[in-house]
Amino acid sequence: MDTFSNLIGGEWTEGPGITENINPSNTNDVIGRYAQGDAAQANAAIAAAKAAAPSWARTNVMVRHNILKAAAAEIFARAKELGDLLAREEGKTLAEGIGEAGRAGQIFDFFAGECLRLAGEKVPSIRPGVEIEITREPMGVVGMITPWNFPIAIPAWKIAPALCYGNTIVIKPAELVPGCAWALADILKRAGLPDGVLNLVMGKGSVVGEAILSSPDVDAVTFTGSVATGKHVAMKCAEHMRKVQLEMGGKNPLVILDDADLDIAVDCAVNGAFFSTGQRCTASSRLIVTEGIHDRFVEATIAKLQSLSVDDARKDGTHIGPVVDAKQLDTDMNYIEIGRGEDGARLAWGGERLNRATPGFYLQPALFTETSNDMRINREEIFGPVATVLRVKDYDEALAVANDTRFGLSSGICTTSLKYASHFKRNAEAGMVMVNLPTAGVDPHVPFGGRKGSSYGPREQGRYAAEFYTTVKTAYQLA
Ligand code: NAD
């Protein structure tokens with residue numbers, strides 16, 4: 001079986017430990033053996049990134065462009081193989097895995113272009129004979145800590161802008177999905193990235209992640225993951241007065257009004273709530289439905305769910321793959337019990353464990369009806385294929401319920417009314433708003449991020465990524 005090492009200072013380096021990467025569709029299938037780094041390896045990686053930083057910051061933008069462009073080309077060319085690896089280690093369907101790999105390629109492509117569009121400003125001074133220049137400089141060493149649910153897209157949307165703007169990197173991917181991050185590091189190394197510019201240290205959050213957070217030599221930290229870990233990351237960064245960017249959880253509402261096109265509404269709800277096994281920070285976990293369409297919507301949604309196949313992520317015809325691991329499956333089952341028990345909601349469909357040909361973490365998507373917004377299943381992020389329906393009187397109540405959450409990542413509405421669509425776009429308390437589209441599913445070249453408890457710090461992706469990966473300098477000169 002293949003063994004995969006950490007990348008430190010340009011050298012593939014064995015870890016002090018090793019872990020098996022297991023396929024959640026078939027727990028007998030071991031994908032590979034991956035290094036488990038420790039604090040010493042993390043510190044060596046940080047030292048390598050620090051040593052490489054001055055030279056990379058000055059590297060010709062055409063060289064940076066060429067490296068990112070070559071990485072994009074290889075990702076596109078290998079999208080099927082990388083998508084298969086992704087489906088095998090995370091449990092997204094093969095089509096979703098290939099789509100996500102393609103998206104990683106698009107992100108590298110976009111930032112390859114951005115390398116050649118870096119610009120500053122020249123501004124007149126109020127003092128005679130003085131010139132002012134405003135420029136952006138790299139942050140230096142960026143620490144990256146990523147979650148398991150987008151194993152290639154999230155590392156890509158952090159690595160590509162960091163390199164574009166001249167930073168060096170130490171990345172620690174989630175324990176459950178080291179394969180895609182390793183593949184990206186391998187691609188970038190072969191694309192010509194100088195030694196030390198990108199360092200990959202796989203391992204535990206409590207060990208490798210903590211070492212990154214504790215090092216005075218890390219200039220900025222970008223984190224995607226849960227709220228609890230995010231808070232810890234922010235506190236540790238505050239100790240160092242260090243720039244931090246956090247993307248965290250969601251409890252995203254999808255409002256369905258009486259005048260909605262029923263087919264579009266059901267497609268948006270089923271896609272947004274259950275595709276990728278509901279394991280998306282942008283998943284539509286609360287379906288807020290006005291009275292006039294409520295019963296038709298619930299009936300049509302259940303009919304659609306009945307037609308979906310939950311099975312091995314890489315099997316032809318599978319619509320929904322397994323839950324990522326036993327721990328997440330326990331969490332999902334626990335919330336289904338809370339919904340039925342202490343919350344007193346009605347489990348209208350699904351929620352049972354399923355057996356398939358191979359041992360995996362299969363769960364029938366669960367739809368709760370007769371729920372209220374104060375129930376735990378409507379307040380806490382579950383992060384699985386579990387959605388609720390909230391019956392509301394009218395648009396005003398729908399908007400109020402949609403905004404009544406501590407999260408604010410994505411928010412959607414299905415309606416044929418221009419008035420309500422426009423009002424919702426203006427008044428939804430979320431970083432991203434979708435009209436007649438699922439709350440999940442975003443473009444790679446525009447800002448991504450949320451408000452309230454979902455995000456902290458500057459946005460990711462698109463040109464807005466510069467806000468995090470650069471620091472602004474204002475230079476005055478007597479001409
Ligand atoms: P998590 O918080 O458990 O782990 C995220 C990362 O943090 C992992 O790499 C983990 O090893 C690391 N980590 C854990 N403890 C640490 C510590 N003490 N110090 C440093 N690092 C540590 O999250 P997860 O279960 O991997 O991901 C699921 C969560 O991610 C969900 O809440 C989901 O909503 C969120 N998410 C958010 C977005 C977004 O962009 N808003 C995108 C995807 C996922």
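Read the numbers this way: they start at 1 and go in the same order the structure lists the ligands and their atoms.
In this structure, the ring of F383 has its center less than 6.0 angstrom from the ring center of W148. In this structure, W157 has its ring center under 6.0 Å from that of F448.
Ion pairing between D219 and K243 fails under the 4.0 Å rule for side-chain N and carboxylate O. D217 has a carboxylate O that lies under 4.0 Å from a charged side-chain N of K50, or vice versa, which qualifies the two as a salt bridge. Salt-bridge check for K204 with E210: failed, with every basic side-chain N at 4.0 Å or more from each acidic carboxylate O.
Heavy-atom proximity to C281, at under 4.0 Å, picks out these atoms of ligand 1: 34 (O), 36 (N), 37 (C), 38 (C), 39 (C), 40 (O), 41 (N), 42 (C), 43 (C), 44 (C). Heavy-atom contacts of L213 reach the following atoms of ligand 1: 19 (N), 20 (C) (cutoff under 4.0 Å). Residue contact check: F223 has heavy atoms under 4.0 Å from atoms 2 (O), 5 (C), 6 (C), 7 (O) of ligand 1. Residue-ligand proximity, G249 to ligand 1, at heavy-atom distances under 4.0 Å covers atoms 32 (O), 34 (O).
With contacts defined as side-chain heavy-atom distances shorter than 4.5 Å, the pair W349/Q364 qualifies. Inter-residue side-chain proximity for T224 and N149 is flagged as unmet; no heavy-atom pair is nearer than 4.5 Å.
A side-chain contact (heavy atoms from CB on, under 4.5 Å) with V221 holds for exactly one of V170, L213, L246; it is L213. When S284, S410, S411 are each tested for a side-chain hydrogen bond (donor to acceptor under 3.5 Å, both in side chains) with T439, only one passes: S284. The salt bridge (charged side-chain N to carboxylate O under 4.0 Å, His left out) test with E429 is passed by exactly one of K452, R451, K251: K452.
Summary of contacts: the protein heavy atom closest to atom 26 (O) of ligand 1 is W148 CD1, 3.0 Å. For atom 34 (O) of ligand 1, the closest heavy atom belonging to the protein is E381 OE2, 2.6 Å. Protein heavy atom closest to atom 10 (C) of ligand 1, with residue, atom name and distance, is E175 OE1, 3.7 Å. Scanning all protein heavy atoms for the shortest distance to atom 27 (O) of ligand 1 gives P147 CB, 3.4 Å. Counting only heavy atoms of the protein, atom 22 (C) of ligand 1 lies nearest to G205 CA, 3.4 Å.
D29 places no side-chain N or O within donor-acceptor distance of the main-chain N or O of I22, the cut-off being under 3.5 Å.
The distance criterion of under 3.5 Å between nitrogen or oxygen atoms is not met by G203 with respect to ligand 1. In terms of polar-atom proximity, defined here as any N/O pair under 3.5 Å, T229 does make such a contact with ligand 1. The shortest N or O to N or O distance between S226 and ligand 1 is under 3.5 Å. At a 3.5 angstrom cut-off on N or O pairs, W157 does not count as close to ligand 1. Of the polar atoms of G225, at least one N or O is found under 3.5 Å from an N or O of ligand 1, judged by distance alone. Any N or O atom pair closer than 3.5 Å counts here, and S206 shares no such pair with ligand 1. Where the criterion is an N or O separation shorter than 3.5 Å, residue side chain and backbone included, N149 fails it with respect to ligand 1.
Within the 4.0 Å heavy-atom criterion, both parts of T224, backbone and side chain, lie near ligand 1. Residue contacts with ligand 1 for M248 involve N, CA, C or O but no side-chain atom from C-beta outward (heavy atoms, distance under 4.0 Å). Counting heavy atoms under 4.0 Å from ligand 1, residue L176 does not touch it at all. Counting heavy atoms under 4.0 Å from ligand 1, residue T146 touches it through the backbone alone. With a heavy-atom cut-off of 4.0 Å, R280 does not touch ligand 1 at all. Counting heavy atoms under 4.0 Å from ligand 1, residue K236 does not touch it at all.
Taking only non-hydrogen atoms, the option from V324, I145, V177 nearest to atom 7 (O) of ligand 1 is I145.
For I154, the closest heavy-atom approach to ligand 1 falls below 4.0 Å.
A distance of 7.0 Å separates CG of L287 from OG1 of T301, quoted to the nearest 0.5 Å.
A cation-pi arrangement is present between K92 and F150 under the rule of less than 6.0 angstrom and at most 45 degrees off the ring axis.
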